[in-house]
Amino acid sequence: MRLLSVHPQISSCKDCAAFCEEFAIGGQDLILTSRHTFEHYLQGKTGEAHVVFLRDFGQGEPSDEMVDKLVAHVQGLNYRRIVGIGGGSILDVSKLFALRQVAPACDLFEKKFEPVKANELILIPTTCGTGSEVTNISILELKQRNTKLGLAVDAIYADHAVLVPELLQGLPFRFFATSSIDAFIHAIESYLSPRANRMTRLFSCEAMRLIVEGYRFICAHGEDSRQELLEDFLYASLYAGIAFGNAGTGTVHAMSYPFGAAFHVPHGEANYIFLSAVMHVYQQKNAHGTIRELNLFLKDLLDCEADAVYDALEALFTQILPKKPLHAYGTTLEQLEIFTDNVMEKQGRLMANAYVPMDRSSIYSIYKTVF
């Protein structure tokens, strides 16, 4: 029985100049990043590398349309390495360009052709949430299907994951908050997954510990104090990525996808809406399984009683990022039925990792709770 896989070689560089020197960045590389990241951290350091800015091909969450435009743009360029430097959107798209065939992206995600790796892949996160640098998962909004789907294949694992704390220095607090809450949700969902084991839970627990302790420090010392903790949050995101890359995420992610796609809500923010409600349902359905161990762990982190851990988490997270109900985004009651159908019909990959089996009525009741 396989317990744990960590595919990329993991490195750390003090800054982007050190990274470019150590990895000999140059004409053989295709760099996918944002204009802001390039201008503030990379300009003058990348030699003859080909540089592409994702947002030149569309706004919002990465989509099949965006990827297809990007494929057309890079045709004819000569490169052997893909270097993705960015948040989850950029890293998820960068993974696809390690493949021999990428387009049509909708066909790739619907498994109409075999994904085969063709290029070396280096991933560098500029947020502290997705853990995408160490997973074999890419998420796209499929505009042709009006939903989000995940592609999980070993061919899109990075060869190198590189942590560069310098890249988090200019991250606005709101993006820091949504990304790090996303990392926490990766950690907690992977802890409860039926595919989890003692080794994956080590990474889940350390990620949760770093994030909760970091949030409590920020609440006590102010938003700017996060600058002292950037390396901790980078590691927390990576640890959570290792955990969910092996054990998966579950109901929270499955429920956030149709809502996030419909209203273009950032991934971490969308997940956060459902966290407490899902955990309360899990608790009601089976309070004596793995969730009991999780609650005891969180109890010590949060200095509260075991039966109050999710209320305590909610109170802590609200200080970092106030949460809104679904209706505040424009959601209607009629859409809750559509979202529920999407979860039951299209999110089987994620729902297989739910802590307990979840039927349609349970999913709909959670949507109603957070409405």
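Without hydrogens or angle criteria, Thr200 side chain to Ala196 main chain gives no donor-acceptor distance under 3.5 Å. Judged by distance alone, the side chain of Arg195 and the main-chain N or O of Phe244 form no donor-acceptor pair under 3.5 Å. Using a distance-only test at 3.5 Å, with no hydrogens or angles considered, a donor-acceptor pair links the side chain of Lys95 to the main chain of Ser132. When atom types are taken as modelled, the side chain of Gln335 and the backbone of Thr332 share a donor-acceptor pair closer than 3.5 angstrom. A donor-acceptor pair under 3.5 Å links the side-chain atoms of Asn119 to the main chain of Phe97, judged by distance alone. Using a distance-only test at 3.5 Å, with no hydrogens or angles considered, no donor-acceptor pair links the side chain of Tyr191 to the main chain of Thr290. Looking at Asp29, its side chain does come within 3.5 Å of a backbone N or O of Gly26 through a donor-acceptor pair. In terms of modelled atom types and a separation under 3.5 Å, the side chain of Gln347 and the main chain of Tyr257 share no donor-acceptor contact. With hydrogens and angles ignored, the 3.5 Å screen pairs no side-chain donor or acceptor of Asp107 with any backbone N or O of Lys112. In this structure, the side chain of Asn246 engages the main chain of Ser5 through a donor-acceptor pair within 3.5 Å.
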Verdict with supporting geometry, Thr37 and Leu42, side-chain contact (heavy atoms from CB on, under 4.5 Å): CA-CA 7 Å; Thr37 296; Leu42 294 164; 4.2 Å; yes
Is there a side-chain hydrogen bond (donor to acceptor under 3.5 Å, both in side chains) between Asp359 and Ser362? Walk through the geometry before answering. CA-CA 5 Å; Asp359 58 21; Ser362 297; 2.8 Å; yes
Give the intermediate values and the outcome of side-chain contact (heavy atoms from CB on, under 4.5 Å) for residues Phe339 and Thr331. CA-CA 10 Å; Phe339 295 162; Thr331 309; 3.8 Å; yes
Please evaluate residues Ser138 and Phe109 with respect to the criterion side-chain contact (heavy atoms from CB on, under 4.5 Å), reporting the C-alpha separation (whole Å), side-chain torsions for both, the decisive distance (0.1 Å), and the verdict. CA-CA 9 Å; Ser138 177; Phe109 275 70; 3.7 Å; yes
Please step through side-chain contact (heavy atoms from CB on, under 4.5 Å) for the pair Leu151 and Ile137, ending with a clear verdict. CA-CA 6 Å; Leu151 178 71; Ile137 302 166; over 6 Å; no
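If you chain together hydrophobic residues whose side chains sit under 4.5 Å apart, Phe175 and Ile185 fall into the same group. A single hydrophobic cluster is seen to contain both Val343 and Val265, as judged by linkage of ILVMFWY side chains at heavy-atom distances under 4.5 Å, directly or through other members. Tracing side-chain contacts under 4.5 Å through hydrophobic residues (I, L, V, M, F, W, Y), one never reaches Leu91 starting from Leu167; they form parts of separate clusters. Hydrophobic clustering (side-chain heavy atoms under 4.5 Å, transitive across Ile, Leu, Val, Met, Phe, Trp, Tyr) groups Phe23 together with Ile124. Cluster membership for Leu54 and Ile82, using ILVMFWY side-chain heavy atoms within less than 4.5 angstrom, is shared.
Only one option out of Glu65, Glu345, Glu110 pairs with Arg145 in a salt bridge (charged side-chain N to carboxylate O under 4.0 Å, His left out); it is Glu110.
Scanning both residues, Lys45 and Cys20, for their nearest heavy atoms gives O-CB, 3.4 Å. Minimum interatomic distance between Gly150 and Arg349 (heavy atoms only, all atoms of both residues): CA-NH2, 3.7 Å.
In this structure, OG in Ser276 is found 12.0 Å from CD in Gln283, a value given to the nearest 0.5 Å. The CG atom of Leu149 sits 9.5 Å away from atom NZ of Lys111, with the distance rounded to the nearest 0.5 Å. Remark: Leu238 CG to Thr135 OG1 distance equals 10.5 Å, nearest 0.5 Å. Expressed to the nearest 0.5 Å, how far NE2 of His253 lies from CG of Leu275 amounts to 10.5 Å. Separating the OG atom in Ser34 from the NE2 atom in His40 is a distance of 9.5 Å, to the nearest 0.5 Å. Note that CG of Leu163 and CG of Leu230 are 12.0 Å apart. Values are rounded to the nearest 0.5 Å.
For the pair Ile85 and Ile31, the minimum side-chain heavy-atom distance is below 4.5 Å. Contact of the Leu140 side chain with the Met66 side chain is not registered, since no non-hydrogen atoms from C-beta on lie closer than 4.5 Å. With a 4.5 Å cut-off on side-chain heavy atoms, Leu234 and Pro125 count as touching. Inter-residue side-chain proximity for Thr46 and Phe38 is flagged as met; some heavy-atom pair is nearer than 4.5 Å. Side-chain contact check for Leu302 versus Leu313: some heavy-atom pair is nearer than 4.5 Å. The closest side-chain heavy-atom distance from Leu301 to Arg209 is below 4.5 Å. By the 4.5 Å heavy-atom criterion applied to side chains, Asn78 and Gln28 are not counted as neighbours. Using a 4.5 Å cut-off on side-chain heavy atoms (C-beta onward), His267 and Thr130 make no contact.
A distance of 6.0 Å or more separates the ring centres of Tyr367 and Phe371. Aromatic rings from Phe184 and Phe317 are positioned such that their centres are separated by under 6.0 Å. Taking the ring centroids of Phe259 and Tyr329, they lie under the 6.0 Å cut-off. Taking the six-membered ring for Trp and the full ring otherwise, the centers of Phe173 and Phe176 sit less than 6.0 Å from each other. Taking the six-membered ring for Trp and the full ring otherwise, the centers of Tyr282 and Tyr355 sit less than 6.0 Å from each other.
Under the 4.0 Å criterion applied to side-chain N and carboxylate O atoms, Glu228 and Arg226 are not assigned as salt-bridge partners. In this structure, Lys69 does not pair ionically with Asp64, as no charged nitrogen and carboxylate oxygen lie closer than 4.0 Å. The residues Glu269 and Lys323 are annotated as not salt-bridged, no charged nitrogen and carboxylate oxygen being separated by less than 4.0 angstrom. Ionic pairing of Glu114 and Arg100 is not present here: no N-O contact between side-chain nitrogen and carboxylate oxygen is shorter than 4.0 angstrom. Ion pair Lys14/Glu166 not flagged as a salt bridge, since none of the NZ, NE, NH1 or NH2 atoms sits closer than 4.0 Å to an Asp/Glu carboxylate oxygen. Between Asp56 and Arg35 there is a salt bridge, since at least one side-chain N of the basic residue sits less than 4.0 Å from a carboxylate O of the acidic one.
A donor-acceptor pair shorter than 3.5 Å can be found between the side chains of Ser204 and Ser190. Side-chain contact, Asn295 with Tyr310: a donor N or O sits under 3.5 Å from an acceptor N or O.
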